[in-house]
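What follows is a short report on a single structure.
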There are 2 protein chains.
Amino acid sequence: MRLVVAECTVDYRGRLEAHLPRAVRLIMVKADGCVAIHADGGAYKPLNWMNAPNSLVEEPGRWVVTNPKGEELVITLHRVVSDTTHHLGPDPGLQKDGVEAQLRDLLAGRPELIEPGLTLIRREYPTDLGPVDLLLADPGGGTVAVEVKRRGEIDGVEQLARYVERLELDPRLAPVRGILCAERISPQAKVLAAARGLGTTEIDYARLRNAGSSEPTLF
Amino acid sequence: MRLVVAECTVDYRGRLEAHLPRAVRLIMVKADGCVAIHADGGAYKPLNWMNAPNSLVEEPGRWVVTNPKGEELVITLHRVVSDTTHHLGPDPGLQKDGVEAQLRDLLAGRPELIEPGLTLIRREYPTDLGPVDLLLADPGGGTVAVEVKRRGEIDGVEQLARYVERLELDPRLAPVRGILCAERISPQAKVLAAARGLGTTEIDYARLRNAGSSEPTLF
DNA sequence: ACGTTGAGATTGCCG
DNA sequence: CGGCAATGTCAACGT
C-alpha cells in the first residue's frame, strides 16, 4: 500500500463529473491498484476514488487513472509532503455476526413474539419467486408468511406481497396472511403494507438476542 | 491525519459483531476522530471503522474507540510498523455535476421536452409514499407524474407505479399518467413500464444542460 | 432530531 | 456477466 500526502487538485470524469480544488490530501493506492483520495474528515468515504481494475500512469506532477469503462481520474500534484509504501500482505477477512439470517433464526424459535399462537412450519420456505423467510401456522386456520428485515422499508413490503400472492395459489396453505417483521418500520412502509392488506410487527431484536430461543419467557 | 501501519486484531460490537484476525493493516485516524482500518485491497471501503463523534482511549498495545450510541471498536496492536501524523487542514470540498437533482431542475424548466404541451405544476410533489420528482398538467386533462433518473431501471418503474397509484386517489389530480425520464432506460424497465401502463422518455441531458432552461428552442 | 431518498453507492450471491 | 438483495450502507435535504 502506497500512501502519498500531497497538495493536489483532482478531476473525475465518468458516471458524473467532479472536481476537487487545490488542498492537502491523502492519496491511498492499494495493492489491487485502486486509488482513493481522502480529506481529514468526512467519515471513511474518500472524496474521490477509482476502483480496480484500472491503469495508473504516473508522470511528473500528474497521475492519470483510467479504467476499462472509460472513466478517468486525474490527480495533479502541486507539492508532495510524504510518499511511503508498505507491504501489508493478504488479509484473512472480516467475520460478521448479527445480520438478517441470524435474526430470522432467532424469530423462528420464538414465533409467538410475532403474534400470539403462531407456530413454525419452516424457515426459508421455497416459492417460485424465492424463499419466504418464515412460514407459520395460524391457530385460526390458514398460514402466515413472514418477511424478516433489520429495517422495514417499502421494498420489503413489495417483496412480501409477491410471496403472499404466490402462496395463496396453494390450496394447502390458503388463506395466507403476510407480516413484515423488523426492528424499525418506516411510515411509508406501514402505509403501503396497510394498503396491500399486510401486517407489520416491530421486534426488539436486542431483547430477542439476549433472551435466546431456547429459554421460555418468565413473564 | 494519523496513519498507523501495524499488525493488529480488531473487534467491533455495535449494530452487529465483527472480528478481524491478526494481520498487518493501515489504521487511519482523521481530524474529526473517525477511525478506519484498511487492508491492502477491497476498494475504498475499510474492513472496520468507527465514525465521529466518538472517543479514542489509547493504552499501550490497545486502542478502545467508543461512541455515544454504545458501539465499541477495540484494536489490539501486536506490532507497529509505522506511525505518522500529517496536518492536512480543511478541505474546500467536492464539486459535483450531473446528479439527479440537477437533471430534475433542468427538466422542470423544459417540460415540453418530456412531451409537447405539458406544463409544470410543481417539483417534489409530496405523497404519503414520498415526493414525486415532477408533477405536470396534461393539456388533454388530468395530471402527469414524472420520475427522473440518471439511469432508468426496474426500481424506478416500481417507484413511479406506486406514486401514480397513490395520486389517482386524489380526485383533483385524476386521471394520472406516469412517465419515467432518464438518459438511458434499460430494456427490462421499458418492458415493465409498458406492462404497468407507464410511459418512458429518454432525455439527452448533455444537450439539456447546454441549452439551459431559460432559452427557447430554435427548432 | 428524525425520516426519506439518492449514490460514481459498494459488495456478495446466484443463475 | 448480469440481475438481485443486503449494507454497521453514507450523505444530503426537508420537516
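Chain letters run A, B, ... following the sequence lines, proteins first and then strands; every chain starts at 1.
As judged by a 4.0 angstrom heavy-atom cut-off over every strand, R151(A) is placed among residues touching the sugar-phosphate backbone only. Looking at heavy-atom distances under 4.0 Å, D155(A) makes no contact with the nucleic acid at all.
A donor-acceptor pair under 3.5 Å is formed between the side chain of N54(B) and the backbone N or O of N51(B). The backbone N or O of C181(B) lies less than 3.5 Å from no partner atom in the side chain of E202(B), so there is not a single donor-acceptor pair.
Here R104(B) pairs with E124(B) in a salt bridge; the nearest charged N to carboxylate O distance falls below 4.0 Å. The pair R62(A)-E59(A) meets the salt-bridge criterion, with a side-chain N (NZ, NE, NH1 or NH2) lying under 4.0 Å from an Asp/Glu carboxylate O.
Remark: C1' of dC10(D) and NZ of K69(B) are 11 Å apart, rounded to the nearest angstrom. Rounded to a whole Å, the CD1 atom of I37(B) is 14 Å from the P atom of dG8(D). Taking atom CZ of R104(A) as the reference point, atom P of dA6(D) lies 12 Å away to the nearest angstrom. Distance, E153(A) CD to dC10(D) P: 14 Å, rounded to whole Å. Atom CG of L47(B) and atom C1' of dG8(D) are 13 Å apart (whole Å). We find that CD of E100(B) is positioned 13 Å from P of dG14(D), with the value rounded to whole Å. dG8(D) atom P lies 14 Å from atom NZ of K149(A), rounded to whole Å. Per the geometry, CD1 belonging to I154(A) stands 15 Å off P belonging to dG3(C), to the nearest Å.
Under the 3.5 Å distance criterion, with hydrogens and angles disregarded, a donor-acceptor pair is assigned to the side chains of H38(B) and K30(A). When only modelled atom types and interatomic distance are considered, E71(A) and Y12(A) share a side-chain donor-acceptor pair under 3.5 Å.
Of the two residues near DNA chain D, E71(B) and R162(A), the one whose nearest nucleotide lies more 5' is R162(A). With DNA chain D read from its 5' end, the first of the two nearest nucleotides for E124(B) and L73(B) is the one closest to L73(B). The nearest heavy atom of DNA chain C to Y12(A) and to A189(A) marks one nucleotide each, and the one closer to the 5' end goes with A189(A).
Every residue two or more places apart in sequence or in another chain was checked for a salt bridge (charged side-chain N to carboxylate O under 4.0 Å, His left out) with D32(B), and none qualifies.
dT11(C) and dA11(D) have their P atoms separated by 15 Å, given to the nearest Å. If you take atom C1' in dC10(D) and the same atom in dA6(D), they sit 15 Å apart, rounded to whole Å. dA5(D) and dG8(C) have their P atoms separated by 23 Å, with the value rounded to a whole Å.
The side chain of R15(A) contributes no N or O atom lying less than 4.0 Å from OP1 or OP2 of dG6(C). Contact annotation: Q159(B) side-chain N/O to dG6(C) OP1/OP2 distance is under 4.0 Å.
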Using nucleotides 11-13 of chain D, report all nitrogen or oxygen pairs with the protein that are shorter than 3.5 Å.
residue, atom, partner, partner atom, Å
dA11(D), OP1, G42(A), O, 3.0

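Here the closest non-hydrogen pair linking G178(B) and V164(B) is CA-CG2, 3.7 Å.
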